[in-house]
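Structure first, then comments.
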2 protein chains.
Amino acid sequence: MEDKEMLTIREMCEAFDVTPRTLRFYEAKELLFPLREGQKRLFTRRDRGRLKLILRGKRFGFSLEEMRQLLDLYDRGDAQEEQLKRTYEVARDRLAQMERQRDELNEAIEELRGQLQWGADMIASFRRPAAE
Amino acid sequence: MEDKEMLTIREMCEAFDVTPRTLRFYEAKELLFPLREGQKRLFTRRDRGRLKLILRGKRFGFSLEEMRQLLDLYDRGDAQEEQLKRTYEVARDRLAQMERQRDELNEAIEELRGQLQWGADMIASFRRPAAE
DNA sequence: ACCCAAGTTGACGTTAACGTAATCCGATAC
DNA sequence: GTATCGGATTACGTTAACGTCAACTTGGGT
């Protein structure tokens with residue numbers, strides 16, 4: 001027994017800084033599978049592992065659905081080469097997607113920066129177009 | 001009479017590549033104020049000017065509500081120094097916000113890229129945590 | 001016995017910016 | 001007259017990821 005084997009919902013929340021609602025929501029979405037002691041949920045080491053990956057995925061911009069698919073894919077026992085490659089590709093695609101997003105953002109930034117350079121012009125561009 | 005003075009909803013849609021729903025929606029949100037010829041909307045030059053700014057704002061990531069405020073602010077006749085400065089500030093804030101967003105995105109990208117560098121490790125990180 | 005904290009389920013609310021019918025109206029084309 | 005446009009209005013649907021009650025139950029402490 002290194003840590004506690006099982007964590008209550010509250011302990012889990014503190015450990016990962018999420019709300020109970022979130023954990024129940026993730027369970028409903030089949031991202032976590034806590035055991036039950038009577039009514040109460042008990043989160044296993046496996047749940048902790050999954051949650052850690054889920055949160056990491058979120059930082060990367062994966063949706064919960066994408067994470068569920070990835071987790072499911074590699075949870076059915078022996079992940080084979082073929083499937084490992086797919087995960088890898090999903091991650092690569094996501095990276096490319098994020099880079100495109102960043103580039104678009106950069107363009108918008110440059111465009112806006114350009115407007116600001118002109119100062120008064122920027123302001124003028126927000127005035128009503130001429131007179132009537 | 002340079003162009004047409006007034007445009008129907010359909011002409012407006014083609015000119016700006018938006019749907020009728022969008023224009024009616026913008027009117028409901030008080031971003032546009034087309035005149036009425038009987039029942040039909042007629043979009044004036046002023047509406048065209050506003051729509052142009054609205055779409056530009058969207059590219060910058062402004063929400064419709066933010067654009068409405070900006071447009072309203074400078075639509076009440078004589079925009080004074082004080083208010084002009086405010087618009088300028090809103091734009092500057094927005095720029096800073098976008099830059100932060102871009103930076104966060106870059107961090108996530110670097111983090112993900114790091115994972116991918118390790119290839120197999122990335123994959124492993126998506127497998128279920130060890131055995132049970 | 002009584003109460004409280006912690007936990008549960010269920011269900012509706014939130015936000016943005018429209019999409020998608022369904023139904024209706026008036027003017028033109030034939 | 002009638003079919004057909006172009007347009008109008010109304011109102012519910014969509015998406016993601018939870019938030020926010022409400023109403024219970026359960027286990028433990030006193």
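Convention: sequence-line order gives letters A, B, ...; per-chain numbering from 1. These numbers were taken from a predicted model, which means no experiment stands behind them.
- The distance between atom CZ of B/Arg68 and atom P of C/dA16, rounded to the nearest whole Å, is 12 Å.
- The CZ-C1' distance, from A/Phe62 to D/dA16, rounds to 17 Å in whole Å.
- Atom CZ of A/Arg10 is separated from atom C1' of C/dT8 by 12 Å (rounded to the nearest Å).
- Atom CG of B/Leu32 is separated from atom P of D/dA8 by 13 Å (rounded to the nearest Å).
- Results of the side chain to side chain contact (heavy atoms under 4.5 Å, CB included) test with A/Leu53 over A/Leu31, A/Leu70, A/Leu71 single out A/Leu71 as the only residue that passes.
- Following rounding to the nearest Å, A/Lys29 (NZ) and D/dC18 (P) show an atom-to-atom distance of 11 Å.
- With salt bridges taken as basic N to acidic carboxylate O contacts below 4.0 Å, one links B/Arg68 and B/Glu65.
- The CD-P distance, from B/Glu27 to C/dC18, rounds to 15 Å in whole Å.
- What you find for B/Lys58 and B/Tyr26 is that their closest heavy atoms are CD-OH, 3.7 Å.
- A heavy atom closer than 4.0 Å to some atom of DNA chain C occurs in A/Arg36, A/Gln39, A/Lys40, A/Arg41, these being the qualifying members of residues 34-43 of chain A.
- Side-chain contact between A/Arg36 and A/Gln39 is present, with at least one heavy-atom pair separated by less than 4.5 Å.
- We find that CD of B/Glu65 is positioned 8 Å from P of C/dA16, with the value rounded to whole Å.
- Near DNA chain D, defined here as any heavy-atom distance below 4.0 Å, the residues from residues 17-25 of chain A are A/Thr19, A/Arg21, A/Thr22, A/Phe25, listed numerically.
- Protein atom CE of B/Met12 is 17 Å distant from nucleotide atom C1' of D/dG6, rounded to whole Å.
- Considering only heavy atoms from C-beta on, A/Met6 stays 4.5 Å or farther from A/Glu11 through its side chain.
- Between its opening and closing five pairs, the helix from C/dA1-D/dT30 to C/dC30-D/dG1 changes axis direction by 30°, a value rounded to 10 degrees.
- For A/Ser63 and D/dA17, the shortest distance from a side-chain N or O to OP1 or OP2 is not below 4.0 Å.
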